[in-house]
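These notes are about the structure you will find just below.
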Amino acid sequence: MHKIAFYDTKPYDREWFEKSEHPDIEFVYFEHKLDKDTAGFSKNCDGVCAFVNDTIDKDVINILHDQGIRIIAMRCAGYNNIDFKEAYKKISIVRVPGYSPYAVAEHAMGLLLCLNRKIHRAYFRTRDFNFSLNGLMGFDLHGRCVGVVGTGKIGQVFIDICRGFGMDVIAYDPYPAKSTDICYVSKEELFEKSDIISLHCPLTEETRHIINEKSLGMMKDGVYIINTSRGRLIESESLYEAIKSGKVKAAGLDVYEEESDLFFEDCSDRIIRDDVLKLFLSLPNVLITSHQAFFTSEALSNIAECTINNIMAYFNGEALDNEICYGCISGKKDGICHKKEKGRCF
Ligand code: NAI
């Protein structure tokens, strides 16, 4: 039996992991996030299961390693919260590379539709028997230019959805998808031409603050920005200024730069100290959801199944298709990845 410490547990995680239970795995559920203060919880465990806002830095990796942990199974696609250099050759990291690109892409379109047609505002008005249309006018998405940054699994589904609406799609990706008819342009051209920009790239050194004062300055007046990828793709204060000046007409954010202590939690009883977030929440043309784009039954089922398969593949000594390491993510010479020859990164 392999005992796995499951951090940042929410009732829905438990429900879906219990549905997909495996006779050789026992999950030990902790509500706390993983960080250096809670890493010790996994002392008698064989592995760790973690999520997007867990802290997997140098200290945590060394505590886990000293306790004998050799695998961290991320139950998500993103991995920007991990110190891969420190984990290299100490702890194998596996993840769920794609569990439902439809879930995230559909949520991105949901944010866009809601903002454009002011559905969030209409909902509250009609509940108050206010049937006025003043201030609720939108525009036809048909014929508008949408710029998609990142054309991987989610970006491509989002492009298909946009085409279904009759929108003109342009995209930027330094690694263009093969055998597709996507119209690729430079990052600058995308910023200049798009009526709507939707972010679907990972958070890396190159993409951090890809939306900043300079890139916002290149954009059309009245541009819409949708971010369902990672909060740090956007420099929040610059976005706030651009919204205030009218440069950005609306923003749909499923992720936020400083989300880690807030999102997924009920903070209604707390004083929120993040002034930028408070300002965003006070604006009628900013729609914030708390990292829920992935949250469909199909996605949760796929996450549980894939995480369990990843863990069993590790303990059975099999190839780890979903492993990632310092070598494969960075291409750095001091982190050579052996996955192609050995089926495992190291
Ligand atoms: P993917 O790996 O299939 O695609 C990412 C694409 O981004 C690739 O085509 C890659 O070439 C491109 N890319 C890399 N560097 C880039 C750059 N500098 N500029 C533009 N594009 C770049 O990943 P997938 O599954 O499509 O997910 C995309 C992102 O969505 C994830 O990295 C994650 O941050 C986010 N995500 C958010 C969720 C949510 O619930 N809000 C759930 C799942 C993923």
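Using a 4.5 Å heavy-atom cutoff, the side chains of Arg70 and Ser92 are not in contact. Contact check for Ile69 versus Asp46: no side-chain heavy atoms found under the 4.5 Å cut-off. Side-chain contact between Ile225 and Leu216: present, with at least one pair of heavy atoms (C-beta onward) separated by less than 4.5 Å. Side-chain contact between Ile63 and Lys36: present, with at least one pair of heavy atoms (C-beta onward) separated by less than 4.5 Å. In this structure, Ile93 and Tyr79 have side chains that are not in contact, with every pair of non-hydrogen atoms separated by 4.5 Å or more. Counting only heavy atoms from C-beta outward, the side chains of Tyr224 and Leu112 approach each other to under 4.5 Å. Within the 4.5 Å cutoff, no side-chain heavy atoms of Leu199 are placed close to those of Ile226. Counting heavy atoms from C-beta outward, Leu233 and Ile211 have side chains that stay 4.5 Å or more apart.
Here the closest non-hydrogen pair linking Ala293 and Asp254 is N-OD2, 3.0 Å. The two residues Ser132 and Asn130 have their closest heavy-atom pair at N-OD1, 3.0 Å. Minimum heavy-atom separation, Gly327 to Cys337: C-CB, 4.1 Å. The nearest pair of heavy atoms linking Val94 to Glu323 is CG1-CA, 4.0 Å. Closest heavy-atom contact between Leu34 and Ala50: CD2-CB, 4.4 Å. Closest approach of Ile4 and Val48 over heavy atoms only: CG2-C, 3.9 Å.
Heavy-atom contacts from other residues, nucleotides or ligands closer than 6.0 Å to NZ of Lys43 number 12 or fewer. More than 12 heavy atoms of other residues, nucleotides or ligands sit less than 6.0 Å from atom NZ of Lys118. When the shell of 6.0 Å around CD of Glu237 is examined, it contains 12 or fewer heavy atoms from other residues, nucleotides or ligands. In this structure, Met1 places its CE atom where more than 12 heavy-atom neighbours from other residues, nucleotides or ligands lie under 6.0 Å away. Within a 6.0 Å radius of CD in Glu188, more than 12 heavy atoms belonging to other residues, nucleotides or ligands are found. Counted within 6.0 Å of CZ on Arg117, heavy atoms from surrounding residues, nucleotides or ligands total 12 or fewer; the atom is thus considered open.
Between the Ser186 side chain and the Glu189 main chain, a donor and an acceptor come within less than 3.5 Å of each other. With hydrogens and angles disregarded, no donor-acceptor distance shorter than 3.5 Å links the side chain of Asp13 to the backbone of Thr9. No donor-acceptor distance shorter than 3.5 angstrom exists from the side chain of Ser260 to the backbone of Asn53, with no hydrogens or angles considered.
Using modelled atom types, one finds no donor on one side chain facing an acceptor on the other under 3.5 Å when comparing Asn212 with Ser238. With no hydrogens or angles considered, a side-chain donor-acceptor pair links Ser42 and Gln67 at under 3.5 Å. His200 and Thr151 share no donor-acceptor pair across their side chains, judged by distance under 3.5 Å alone. Between the side chains of Asn62 and Lys90, at least one donor N or O lies within less than 3.5 Å of an accepting N or O. No side-chain N or O of Asn227 forms a donor-acceptor pair with one of Tyr256 less than 3.5 Å apart.
A continuous path of ILVMFWY side-chain contacts below 4.5 Å connects Val148 to Val157, so both sit in one hydrophobic cluster. Cluster annotation: Leu281 is not connected to Leu115 through the hydrophobic network of ILVMFWY side chains, with a link wherever side-chain heavy atoms come within less than 4.5 Å. There is a path of hydrophobic side-chain contacts, each under 4.5 Å, that joins Val96 to Phe264. Ile196 and Leu190 fall into different hydrophobic clusters, where Ile, Leu, Val, Met, Phe, Trp and Tyr are joined by side-chain heavy atoms under 4.5 Å apart, directly or via other members. Under the 4.5 Å side-chain heavy-atom criterion for Ile, Leu, Val, Met, Phe, Trp and Tyr, Phe139 and Val286 are members of distinct hydrophobic clusters.
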Can you check side-chain contact (heavy atoms from CB on, under 4.5 Å) on Leu320 and Cys345, steps first, answer last? CA-CA 8 Å; Leu320 295 178; Cys345 292; over 6 Å; no

Under the side-chain hydrogen bond (donor to acceptor under 3.5 Å, both in side chains) criterion, do His209 and Glu257 qualify, and how do the steps go? CA-CA 10 Å; His209 290 172; Glu257 251 191 304; 2.7 Å; yes

Please step through salt bridge (charged side-chain N to carboxylate O under 4.0 Å, His left out) for the pair Arg14 and Glu31, ending with a clear verdict. CA-CA 11 Å; Arg14 207 171 168 150; Glu31 287 180 16; over 6 Å; no

Show your reasoning for whether side-chain contact (heavy atoms from CB on, under 4.5 Å) applies to Ile25 and Ile308. CA-CA 8 Å; Ile25 299 180; Ile308 287 169; 3.9 Å; yes

Go through Asp8 and Lys10 one step at a time and tell me if the salt bridge (charged side-chain N to carboxylate O under 4.0 Å, His left out) criterion holds. CA-CA 7 Å; Asp8 199 10; Lys10 296 286 182 287; 2.9 Å; yes

Under the side-chain contact (heavy atoms from CB on, under 4.5 Å) criterion, do Cys183 and Val169 qualify, and how do the steps go? CA-CA 7 Å; Cys183 171; Val169 181; over 6 Å; no

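Rounding to the nearest 0.5 Å gives a distance of 8.5 Å between CD of Glu213 and CD of Glu241. Between the NZ atom of Lys187 and the CD atom of Glu206 there is a distance of 8.5 Å, given to the nearest 0.5 Å. Interatomic distance, Asn302 CG to Tyr99 OH, rounded to the nearest 0.5 Å: 10.5 Å. Remark: Arg230 CZ to Asn81 CG distance equals 7.5 Å, nearest 0.5 Å. Atom CD of residue Glu305 and atom NZ of residue Lys19 lie 13.0 Å apart, to the nearest 0.5 angstrom. Expressed to the nearest 0.5 Å, how far NE2 of His120 lies from SG of Cys114 amounts to 5.5 Å.
Under 4.0 Å is where a charged nitrogen must lie from a carboxylate oxygen, and between Asp181 and Arg163 at least one such pair does. Under 4.0 Å is where a charged nitrogen must lie from a carboxylate oxygen, and between Lys247 and Asp221 at least one such pair does. Under 4.0 Å is where a charged nitrogen must lie from a carboxylate oxygen, and between Arg232 and Glu258 at least one such pair does. Looking at Asp168 and Arg144, no side-chain N of the basic residue comes within less than 4.0 Å of a carboxylate O on the acidic one, giving no salt bridge.
Of the options Val255, Leu262, Asp261, a side chain to side chain contact (heavy atoms under 4.5 Å, CB included) to Glu259 is made by Val255 and by none of the others.
Taking the ring centroids of Tyr172 and Tyr184, they lie at or beyond the 6.0 Å cut-off. Aromatic pair Phe6/Phe30: centroids not less than 6.0 angstrom apart. Aromatic pair His2/Phe315: ring centres closer than 6.0 Å. Taking the ring centroids of Phe41 and His32, they lie under the 6.0 Å cut-off. Ring centers of Tyr7 and Tyr29: at least 6.0 Å apart, outside the cut-off.
Between Phe129 and Phe131, the ring-plane angle classifies as perpendicular under the 30° and 60° cut-offs. Between Phe51 and His291, the angle of the ring planes lies from 30° to 60°, which puts this pair in the tilted group.
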